[in-house]
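Convention: sequence-line order gives letters A, B, ...; per-chain numbering from 1. For clarity, every value in this text was computed on a predicted model and none was experimentally measured.
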2 protein chains.
Amino acid sequence: MKAPESPISVIPEPVPAVDEVDTSYLETLMGYNATRASLKVIELFTKRMAVYELRHVDFSILSLITHNPGITSRQLCGVLGILPPNLVGKISIMEKRELVSRRPHPQDGRAVGLYLTETGAKLMADAERTATALEDDVTQKLSATEKKTLMRLLQKIYL
Amino acid sequence: MKAPESPISVIPEPVPAVDEVDTSYLETLMGYNATRASLKVIELFTKRMAVYELRHVDFSILSLITHNPGITSRQLCGVLGILPPNLVGKISIMEKRELVSRRPHPQDGRAVGLYLTETGAKLMADAERTATALEDDVTQKLSATEKKTLMRLLQKIYL
DNA sequence: TATTGTTATACTCTATAACTATA
DNA sequence: TATAGTTATAGAGTATAACAATA
């Protein structure tokens with residue numbers, strides 16, 4: 001039953017203000033959760049890597065060269081999902097900083113193998129220590145088991 | 001014991017080619033795993049949302065307006081980690097497409113409340129159905145329990 | 001004095017087309 | 001003909017400074 005109309009006109013809050021934002025729907029989406037987590041980690045990563053003048057993608061590139069000496073640009077692009085034209089400039093800068101060197105590929109005359117210089121190897125030894133230390137900070141709220149589970153489940157999404 | 005030097009100079013593969021890329025170190029890092037998973041989901045999300053002419057951030061904005069009518073730009077920026085100058089253009093485009101309308105905030109004369117138009121509400125009803133359907137595809141390799149666990153652990157990282 | 005929304009602007013990231021040299 | 005690497009370029013995303021209107 002409807003209440004009788006009041007003779008005095010009361011505006012019943014026609015445009016209510018939002019006090020607390022409801023994010024419950026977005027939080028049901030894998031893309032939202034994975035992206036928010038990713039951005040949170042990258043944010044801290046960027047800060048800690050600033051001392052080495054490395055962005056998170058630069059770190060991934062140098063880390064792959066570290067563990068795969070002689071890797072080609074194509075292989076880097078394939079693994080990291082970077083387009084070739086966007087890798088060229090990054091490698092050039094790293095070469096100018098004398099972190100990497102380029103040598104002809106042993107079999108394929110079109111390709112170029114990438115290698116760390118001594119300077120690059122020293123930088124990456126420090127940078128990988130920093131990255132590994134960062135792990136403990138970003139997974140602070142997770143137990144060792146939970147961390148392992150999270151890694152495994154994330155890989156089930158992208159592999 | 002060292003083999004005696006051969007009188008014939010044999011080059012012992014000085015620059016070996018990389019056949020399969022070793023990504024095992026990167027896979028121990030939370031940032032790498034979360035980012036790869038995030039990009040994988042966003043890639044598919046972008047394709048499926050193209051029909052609505054929505055990027056994944058546009059979808060998040062409209063979804064928050066859907067579930068929080070009257071939300072302000074500041075609140076959107078706070079929740080999604082967008083900077084105010086970068087939101088202005090997006091909202092303008094959505095207004096031109098007649099998906100959202102802007103009305104003065106009931107209490108704060110500086111602020112503007114954001115609302116879906118009828119067109120916007122219809123579009124988002126379809127878009128959210130598409131997003132929910134996408135969930136099943138990206139979590140194909142996960143059981144219902146695993147999916148729930150993954151969501152919970154990701155939130156432990158970013159919340 | 002602080003905050004909301006905005007403009008202008010610069011820098012980075014991402015994407016496409018087209019070229020060269022080699023396979 | 002196809003592939004590796006490169007150049008040029010356009011578009012999208014992200015960053016800071018500065019301003020008007022309002023709190």
Picking from [options], which would you name as closest to the side chain of [X]?
X        : options               : result
B:Arg110 : D:dT22, C:dT6, D:dA4  : D:dT22
A:Leu83  : C:dT16, D:dT3, C:dT4  : C:dT16
B:Val112 : D:dT6, C:dT14, C:dG5  : C:dG5
A:Pro85  : C:dG5, D:dG5, C:dT16  : C:dT16
A:Asn86  : C:dG5, C:dT14, D:dA23 : C:dT14

Quick one: on DNA chain D, does A:Val88 or B:Ile82 contact a more 5' nucleotide (nearest heavy atom)?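 It is A:Val88 whose nearest nucleotide is closer to the 5' end.
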
Distance, rounded to the nearest Å, where [X] contributes [atom1] and [N] contributes [atom2]:
X        : N      : atom1 : atom2 : value
A:Leu114 : D:dA4  : CG    : C1'   : 12 Å
A:Gln107 : D:dT3  : CD    : P     : 18 Å
A:His56  : C:dT12 : NE2   : P     : 15 Å
A:Ile91  : D:dA4  : CD1   : P     : 15 Å
B:Leu87  : D:dT16 : CG    : P     : 16 Å
A:Ile42  : C:dT12 : CD1   : P     : 17 Å
A:His105 : D:dT6  : NE2   : C1'   : 18 Å
B:Leu39  : C:dC13 : CG    : P     : 13 Å

Would B:Arg102 pass as a cation-pi partner of B:Tyr115, given that its NZ or CZ must be under 6.0 Å from the six-membered ring centre and within 45 degrees of the axis?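 No, cation not above the ring by the 6.0 Å, 45° rule.
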
Test B:Thr35 against A:Ser38 for side-chain hydrogen bond (donor to acceptor under 3.5 Å, both in side chains), laying out the working first. CA-CA 5 Å; B:Thr35 304; A:Ser38 163; 3.0 Å; yes

N/O (side chain, A:Lys90) to phosphate O (OP1/OP2, C:dC13) under 4.0 Å: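 Result: yes.
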
Below the 4.0 Å mark, does C:dA23 have OP1 or OP2 next to a side-chain nitrogen or oxygen of A:Arg74?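 So the side chain of A:Arg74 is outside the cut-off, no N or O lying under 4.0 Å from OP1 or OP2 of C:dA23.
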
Just by modelled atom types, is the A:Glu128 backbone N or O under 3.5 Å from a matching donor or acceptor in the B:Tyr25 side chain?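 Yes; at least one donor-acceptor contact below 3.5 Å.
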
Determine whether a donor-acceptor pair (N or O, by modelled atom type, separation under 3.5 Å) exists between the side chain of B:Glu27 and the backbone of B:Asn33.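 The answer is no, because no donor-acceptor pair under 3.5 Å joins these two groups.
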
Applying side-chain hydrogen bond (donor to acceptor under 3.5 Å, both in side chains), which residue pairs with at least one partner in residues 47-56 of chain A are found, sequence neighbours left out?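 As it turns out, the side-chain hydrogen bond (donor to acceptor under 3.5 Å, both in side chains) pairs with a partner in residues 47-56 of chain A, which skip direct neighbours, are A:Arg48-A:Asp137, A:Tyr52-A:Thr130.
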
5'-most contact on DNA chain C: A:Gly109 or A:Arg55, nearest heavy atom basis?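 The residue mapped nearer the 5' terminus is A:Arg55.
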
Between the base of D:dA4 and the side chain of A:Asp108, is one N or O donor paired with an acceptor at under 3.5 angstrom?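 No, no donor-acceptor pair under 3.5 Å.
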
